[in-house]
Amino acid sequence: MNTSEMNDQQVAGLAAAICATAEAMGQEMNPGTAAMMAEDLCAYPVPVVKAALKACRFEVKGKLAMADILQRVQTSDGRPGKDEAWAIAMTTNDEYETVVLTDEIQLALAAAKPILDGGDKIGARMAFIDAYQRFVSQAREDAKPVNWHVSVGFDSSRRIQAVTKAMELKRIPREHAQKYLADLSVEPVTEDGRAIAGLLTGTGTGTGTVTRPAPALREKLELVKSSMLEMRAASAEKKDEMRIEAANELADRRALLIKQAQELEQRT
């Protein structure tokens, strides 16, 4: 954010609103003090500050302080609380899950990863929360807006659900979400697609005819079929190797998240 959020007239109006709020709380405030507080708050959107002042009138006992207003302004920035942030971080363990997370969640997850990899989930949660609250406090002190981004998983249906939910929660701008959804949309069914459907169901296209895949696709289908047969006949040792390979893929994904977190930390 920057100090251009409010113009001079709005800052003056805010100073008057601060004086009025203090008076409603049984306190007399020097206009100069109110003006100074308004200048400190001018980096934030007007509706957010007004809502914070209203909350102070109902919630604060005693004199109005800058910390009371700032606390309510900052907690309205859309960053999740520590428990929700931890829950979001844990969904990154599933490589099929698409996760929408903030910069601070990603940074805190990177800090807690060594403990989590060691099998101490309770210790990892404590380390995560400590780091998360530190990163959030720093971001709020710097008046940085929350930044949500998408970590795409393997399951295409979950991608659409995750992006749609993030859009509904206003974590991703609607135009960005619509672009994601457009990219994730299912392509129109082609002749090859109808042929695959026929192979899966053992039928044609529903019109009494059988649609045959193109030669290149037919060759790929045969390779897939051979791989499936090989998998079914695989020994227990082979299946263990497959599980290890899947675990390595998950580790690679988490390593990417850590790398992105390190890059974020270097920029802050």
Side-chain angles (χ1 to χ4, degrees), residues 1-88 100-108 129-150 163-179 264-265 267-268:
M1 295 184 186
N2 55 57
T3 54
S4 66
E5 288 285 358
M6 297 187 194
N7 56 38
D8 291 343
Q9 185 176 356
Q10 288 172 322
V11 174
L14 175 58
I18 291 172
C19 279
T21 298
E23 184 177 342
M25 296 170 63
Q27 170 190 358
E28 288 188 11
M29 181 174 287
N30 184 294
T33 300
M36 184 169 59
M37 293 170 69
E39 286 288 345
D40 290 339
L41 292 166
C42 71
Y44 300 96
V46 175
V48 171
V49 179
K50 284 186 176 180
L53 288 174
K54 182 177 180 180
C56 286
R57 290 197 295 272
F58 286 98
E59 298 168 2
V60 175
K61 306 299 181 184
K63 292 185 177 181
L64 177 67
M66 181 67 179
D68 298 319
I69 305 171
L70 195 57
Q71 177 189 7
R72 286 159 179 79
V73 166
Q74 291 178 340
T75 53
S76 68
D77 63 6
R79 289 179 170 88
K82 62 182 188 300
D83 294 324
E84 183 184 359
W86 171 249
I88 292 171
V100 182
L101 68 167
T102 66
D103 293 344
E104 294 78 26
I105 292 175
Q106 189 167 350
L107 288 167
I129 288 174
D130 180 68
Y132 178 71
Q133 291 178 322
R134 185 172 67 254
F135 288 127
V136 166
S137 295
Q138 185 61 54
R140 286 173 172 168
E141 185 178 332
D142 296 339
K144 290 182 179 179
V146 63
N147 177 44
W148 291 91
H149 55 275
V150 180
V163 172
T164 300
K165 182 179 179 182
M167 180 177 65
E168 291 171 350
L169 293 173
K170 297 182 179 179
R171 291 177 171 177
I172 299 178
R174 180 170 292 274
E175 59 272 19
H176 292 179
Q178 289 174 340
K179 184 179 184 302
L264 279 171
E265 193 165 15
R267 292 200 297 267
T268 58

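Predicted model, so just to flag it, every value in this text is computed and none were measured.
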Those residues at least two apart in sequence (or on a different chain) that pass side-chain contact (heavy atoms from CB on, under 4.5 Å) with Thr75 are Arg140
Check side-chain contact (heavy atoms from CB on, under 4.5 Å) between Asp83 and all other residues, then give those that pass, not counting sequence neighbours. Arg125, Ile129
Report the distance from atom SG of Cys42 to atom CD of Gln10, rounding to the nearest 0.5 Å. 10.0 Å
If you define the side chain from C-beta out and look only at heavy atoms, does anything of Val46 sit under 4.5 Å from Leu14? no
Asp77 side chain near Lys144 side chain, heavy-atom distance below 4.5 Å: no
Residues forming a salt bridge (charged side-chain N to carboxylate O under 4.0 Å, His left out) with Asp130, sequence neighbours excluded: Arg134
For Asp103, check side-chain hydrogen bond (donor to acceptor under 3.5 Å, both in side chains) against everything at least two apart and list the hits. Asn147, His149
Non-hydrogen side-chain atoms of Arg79 and Phe135 separated by less than 4.5 Å: no
Identify the two heavy atoms, one from Ser76 and one from Val48, that lie closest to each other, and give their separation to 0.1 Å. OG-CG1, 3.2 Å
Closest contact, heavy atoms only, Leu64 versus Ala22: CD2-N, 4.1 Å
Nearest non-hydrogen partners of Leu41 and Val49, listed with the distance: O-CG2, 4.0 Å
List in chain and number order the residues that pass side-chain contact (heavy atoms from CB on, under 4.5 Å) with Ala17, two or more places apart in sequence or in another chain; answer none if no residue qualifies. Leu53
Who passes ring pair (Phe, Tyr, Trp, His ring centres under 6.0 Å) against Trp86, sequence neighbours left out? Phe128
Tell me if a side-chain donor or acceptor on Gln106 pairs with a main-chain N or O of Leu101 at a distance below 3.5 Å. no
If the condition is salt bridge (charged side-chain N to carboxylate O under 4.0 Å, His left out), which residues does Glu23 pass it with, not counting sequence neighbours? none
Does Lys165 have any side-chain contact (heavy atoms from CB on, under 4.5 Å) partners at least two apart in sequence or in another chain, and if so, which? Leu169
Which value, rounded to the nearest 0.5 Å, describes the distance between Glu39 atom CD and Asp8 atom CG? 7.5 Å
Show every ring-ring contact (aromatic ring centres under 6.0 Å, His included) that has at least one partner inside residues 9-43, sequence neighbours left out. none
Those residues that, when tested against Gln138, pass side-chain hydrogen bond (donor to acceptor under 3.5 Å, both in side chains) (two or more places apart): Asp142
Where is the tightest heavy-atom contact between Ala15 and Ala34, given as atom of each residue plus distance? O-CB, 3.5 Å
Is there any side-chain hydrogen bond (donor to acceptor under 3.5 Å, both in side chains) pair reaching into residues 49-66, and which pairs are they, with sequence neighbours excluded? Thr21-Arg57, Glu59-Arg72
Here the pair of heavy atoms bringing Gln74 nearest to Tyr44 is NE2-OH, 3.9 Å
Minimum heavy-atom distance between Trp148 and Gly78, given as atom pair plus value: CZ2-O, 3.6 Å
